[in-house]
Protein chains: 2
Amino acid sequence: MTYRQFKRQAKLTQEDFCLEMLAAHREDIKAKKQRTAVKNLELIFQATLKVSNQKGFQAMTMRDLSKASGLSIGALYDYFNGKEALLEMIQGAGRRITRRVMRQAVSGGEAPPEKLASAIRAHLYLSEAMQPWFFFSYMEARHLGKVEKQRAKEGELATERHIAEVIKEGKRQGVFAGVDHLLTAAVIKGMLQDWYLKRWKYAKRRVSVERYADFVVGLAQGYCTGGLGPAGAGEARDE
Amino acid sequence: MTYRQFKRQAKLTQEDFCLEMLAAHREDIKAKKQRTAVKNLELIFQATLKVSNQKGFQAMTMRDLSKASGLSIGALYDYFNGKEALLEMIQGAGRRITRRVMRQAVSGGEAPPEKLASAIRAHLYLSEAMQPWFFFSYMEARHLGKVEKQRAKEGELATERHIAEVIKEGKRQGVFAGVDHLLTAAVIKGMLQDWYLKRWKYAKRRVSVERYADFVVGLAQGYCTGGLGPAGAGEARDE
DNA sequence: GTCTATATACGGATAGAC
DNA sequence: GTCTATCCGTATATAGAC
């Protein structure tokens with residue numbers, strides 16, 4: 001699947017994102033008309049990611065946000081009850097969207113090598129389409145409350161587990177060599193993460209998301225099918 | 001080389017780090033006696049990383065730092081002129097140490113596969129020994145001033161370039177296949193970064209730095225020597 | 001060399017006008 | 001629905017005592 005196809009099929013516009021936020025916080029938001037609410041949420045969302053990804057969420061003041069969004073400080077408080085709530089609103093919405101997309105990506109009945117490729121591509125394309133959110137989400141996870149932080153970690157691990165499961169299944173079927181599926185999934189996750197954390201680097205080098213995806217898929221499939229790994233050299237224990 | 005050997009040979013204690021900071025800021029620091037200066041710098045350094053890696057450098061107040069270090073706010077100002085200066089002092093010292101160690105790591109006259117392994121191991125062992133600093137350095141790079149931020153990026157790219165050069169040399173000598181040396185170096189860098197950014201994950205799974213290093217070295221050498229890569233499929237352009 | 005006390009400024013949040 | 005004006009807490013940084 002190409003990035004173009006993916007983006008058309010998945011609902012990942014800024015508007016979709018704000019609809020997700022609105023649905024989850026309908027009662028708390030003062031604006032009654034959906035059109036108004038979504039319009040302003042888009043302004044807030046955009047401004048938050050812009051300012052926050054430059055100087056950090058903590059360093060972003062309500063005055064900054066007011067200026068960047070065009071809404072007054074008072075109006076902002078009609079959409080969220082303080083900075084912490086704003087952070088959780090944005091984090092939560094993105095997490096739910098990510099989970100939905102990743103679930104769908106590995107739900108098909110493909111063979112392990114293709115399933116592995118699908119998972120890798122889905123995550124890369126998703127993080128390409130929502131890059132500012134992914135960056136934001138990683139960098140600001142520290143500032144979440146205890147409960148929300150736990151959820152963020154869970155989301156993080158879920159993606160990795162998806163990949164590990166596919167590799168494990170491939171080993172069971174005999175199409176993959178005896179690689180360490182946990183460590184392999186971990187480093188693949190690291191490669192996926194590099195795509196959205198180091199955007200500037202890849203942009204400067206004119207590496208497209210598709211070329212990066214081809215590269216990572218090739219490396220992962222090659223490692224899993226080829227006999228590169230130190231087969232049976234002891235696996236990583238979870239917990 | 002094992003982690004133990006590495007740690008003994010390289011000077012990477014907290015005291016060494018603070019000596020580096022002191023040397024670079026000798027005039028600005030009020031304390032004249034070296035013993036006093038280093039002792040307090042250690043308190044400040046330790047407290048900064050501890051509080052900052054929990055809640056973020058921006059969120060850390062001078063009061064927090066005073067409490068965590070045991071020094072009064074007034075005393076803190078005798079060692080650095082405000083938070084921004086403190087940030088740059090810590091970032092700069094770590095960067096200089098990193099550069100020194102990485103240079104040494106690839107300076108030997110080994111063959112490319114071993115040189116590749118040396119570079120990977122050196123970076124992993126270094127980031128293991130100075131994990132709090134590496135995490136801090138990555139997470140707080142945004143809060144640096146323009147000049148310092150540029151230097152941080154440069155340091156980042158320098159490590160990657162070291163790796164890319166080794167791969168390129170290996171290709172020239174015919175011991176490595178026609179892999180894309182820039183993309184390969186980039187994903188290897190991503191794997192190295194995962195080690196210090198996701199410490200909690202690997203700690204939970206009881207993965208030691210040596211096992212992780214063996215894994216990454218195996219993967220990298222396998223990929224470069226084995227014919228996995230899409231040979232000659234067009235390389236990444238720098239800039 | 002290190003501390004306490006304080007000047008000064010800035011941030012989050014709210015009340016109430018429009 | 002949105003804005004302006006303002007309260008109040010807390011932050012940085014400094015002055016000057018010890």
Side-chain angles (χ1 to χ4, degrees), chain A residues 18 21-22 25-48 51-52 54-90 140 143-145, chain B residues 18 21-22 25-48 51-52 54-90 140 143-145:
Chain A
C18 293
M21 284 200 286
L22 182 59
H25 297 266
R26 199 61 195 93
E27 309 85 67
D28 312 326
I29 291 172
K30 301 290 187 299
K32 292 305 162 206
K33 266 184 292 198
Q34 169 144 328
R35 280 200 32 89
T36 313
V38 171
K39 186 199 73 180
N40 285 338
L41 279 175
E42 287 196 51
L43 290 172
I44 293 168
F45 175 68
Q46 200 159 29
T48 303
V51 178
S52 197
Q54 263 172 20
K55 52 156 69 176
F57 185 78
Q58 286 276 352
M60 178 188 73
T61 68
M62 292 299 286
R63 284 168 176 81
D64 288 336
L65 188 55
S66 168
K67 195 169 291 184
S69 67
L71 296 171
S72 70
I73 293 186
L76 291 176
Y77 278 91
D78 290 339
Y79 288 88
F80 54 87
N81 297 316
K83 280 178 75 179
E84 193 177 326
L86 172 62
L87 179 58
E88 295 189 354
M89 186 164 73
I90 293 177
E140 310 302 345
H143 305 308
L144 288 167
Chain B
C18 292
M21 284 200 287
L22 182 59
H25 297 266
R26 200 60 194 93
E27 309 85 68
D28 312 326
I29 291 173
K30 301 290 187 301
K32 293 304 163 207
K33 265 183 293 198
Q34 169 144 327
R35 281 202 28 91
T36 312
V38 171
K39 187 201 73 183
N40 284 338
L41 280 175
E42 286 196 50
L43 290 173
I44 293 168
F45 174 69
Q46 199 159 29
T48 303
V51 178
S52 197
Q54 264 172 17
K55 51 157 68 178
F57 185 78
Q58 286 277 351
M60 178 188 73
T61 68
M62 293 298 284
R63 282 176 176 80
D64 289 336
L65 189 55
S66 168
K67 195 168 291 183
S69 68
L71 296 171
S72 70
I73 293 185
L76 292 176
Y77 278 91
D78 289 339
Y79 288 89
F80 54 87
N81 298 314
K83 281 177 73 179
E84 193 176 327
L86 172 61
L87 179 58
E88 295 189 354
M89 187 164 71
I90 294 178
E140 311 302 346
H143 305 307
L144 289 167

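All chains are named by letter (A, B, ...) in the order of the sequence lines, taking the proteins before the strands, and each is independently numbered beginning at 1. These numbers were taken from a predicted model, which means no experiment stands behind them.
- We find that CG of B:Asp78 is positioned 11 Å from P of D:dT14, with the value rounded to whole Å.
- B:Arg35 has its CZ atom 13 Å from the P atom of C:dT2, to the nearest Å.
- Within the 4.0 Å cut-off from OP1 or OP2 of D:dA11, at least one side-chain nitrogen or oxygen of B:Arg63 is found.
- Among the protein residues, A:Phe80 comes within range of no part of the nucleic acid, since none of its heavy atoms lies under 4.0 Å from any strand.
- One atom, CD of B:Gln58, and another, P of C:dC10, lie 15 Å apart when rounded to the nearest Å.
- At whole-Å resolution of the value, CG in B:Leu65 and C1' in C:dC3 are 16 Å apart.
- Contact check for B:Leu144 versus B:Glu140: no side-chain heavy atoms found under the 4.5 Å cut-off.
- D:dT4 atom C1' lies 15 Å from atom CE of A:Met62, rounded to whole Å.
- Rounded to an integer number of Å, the gap from CG of B:Leu86 to C1' of D:dA11 is 16 Å.
- Here the side chains of B:Thr48 and B:Phe57 are in contact, with some heavy-atom distance below 4.5 Å.
- Backbone-only contact: B:Asn40 has heavy atoms under 4.0 Å from sugar-phosphate atoms and none from a base.
- Out of D:dC3, C:dT2, D:dA11, the shortest distance to the side chain of A:Leu71 is found at D:dC3.
- Listed nucleotides D:dA13, D:dC3, C:dT14 differ in distance to B:Ile73; the shortest reach to its side chain belongs to D:dA13.
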Next item on the list: Walk me through it: do B:Leu65 and B:Leu86 pass the test side chain to side chain contact (heavy atoms under 4.5 Å, CB included)?
Entry: CA-CA 11 Å; B:Leu65 189 55; B:Leu86 172 61; 3.8 Å; yes

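- Here D:dA15 presents its C1' atom at 13 Å from NZ of B:Lys30, a figure rounded to the nearest Å.
- Applying the 4.0 Å criterion to OP1 and OP2 of C:dC3, one finds that B:Tyr77 has every side-chain N and O outside that range.
- Within the nucleic acid shown, B:Ser72 comes within 4.0 Å of at least one base atom, counting heavy atoms only.
- Side-chain atoms of B:Arg63 and B:Lys67, non-hydrogen and from C-beta on, never get closer than 4.5 Å to each other.
- Applying the 4.0 Å criterion to OP1 and OP2 of C:dG12, one finds that A:Asn81 has every side-chain N and O outside that range.
- The distance between atom CG of A:Leu76 and atom P of D:dT4, rounded to the nearest whole Å, is 12 Å.
- For B:Gly74 and B:Ala31, each mapped to the nucleotide of DNA chain C holding its nearest heavy atom, the one lying further toward the 5' end belongs to B:Ala31.
- In this structure, the side chains of A:Leu22 and A:Ile29 come closer than 4.5 Å at one or more pairs of heavy atoms.
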